Amino acid sequence: MAPGTASKFSAREGFLFLGQEYALNVVPGQRAALRFEQGFFLSKNHLPAAPALFESWYRAAARRVLGERVRLYAEQFGLRYAKIRITGARTRWGSCSSTGTLSFSWRLVMAPLEVVDYVVLHELAHLKVQNHSAAFWAEVARMLPEYKLRRDWLKQNGRRLTLEE
Ligand SMILES: [Zn+2]
């Protein structure tokens, strides 16, 4: 890690999780390296490792949140997928392979849940239609009539879903 990264990190006011900004508190003498309780609490000793700790926290959160949302909607719409994979992609929020593997960037859980749901439903729609044809968007609209607002939010705010500033 480059020198100065950690101090810049701790100077940040907060971090997004499901559309809400939570403050970062650096706590001397805290046992756990990083814990979350309506805010992020980072042990002062672990400050140099902050970027890696945050990434692994977000990856675990993404696995949990995206797993829940995919299961919920797959069941609701009677769709079958193979597995879920969490990636580190910066602008490709989700993808669906021809074998039914759904991939999502861990950065996506920084966005509001309605936006997470849009990406989940978008990828689930690809289980039926692989391309972005009119038939595909009709499928998305059937599952989520107001999808355009959420897609636009992601286009406009996607840059903000990052740990680096
Ligand atoms: Zn797509």
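In each ligand, atom 1 is the first atom listed, and ligand 1 is the first ligand listed. Because the structure is predicted, anything quoted here is derived from the model rather than measured.
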Q) Around the Zn ion (ligand 1), what protein N, O or S atoms are found below 2.8 Å? A) H122 NE2, H126 NE2, H132 NE2

Q: Output every pair passing ring-ring contact (aromatic ring centres under 6.0 Å, His included) with a member in residues 144-164, not counting sequence neighbours, ordered by first then second residue.
A: W137-Y147

Q: Using modelled atom types only, decide if a donor and an acceptor are shared between the side chain of Q30 and the backbone of F41 within a distance under 3.5 Å.
A: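 Between the backbone of F41 and the side chain of Q30 there is a qualifying donor-acceptor contact (under 3.5 Å).
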
Q.
Please check this pair: side chain of S105 against backbone of W93, looking for a donor-acceptor N/O pair closer than 3.5 Å.
A. no

Q) So, S43 and N45: side-chain donor and acceptor under 3.5 Å apart, yes or no? A)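 N45 and S43 do not have a side-chain donor-acceptor pair below 3.5 Å.
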
**Q.** side-chain hydrogen bond (donor to acceptor under 3.5 Å, both in side chains) partners of R64, counting only residues at least two apart
**A.**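 So R64 forms no side-chain hydrogen bond (donor to acceptor under 3.5 Å, both in side chains) with any residue.
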
Q: With sequence neighbours excluded, give me every side-chain hydrogen bond (donor to acceptor under 3.5 Å, both in side chains) pair touching residues 107-123.
A: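 Only R69-D117, Y73-D117, Y118-H122, H122-H126, H122-H132 qualify under side-chain hydrogen bond (donor to acceptor under 3.5 Å, both in side chains).
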
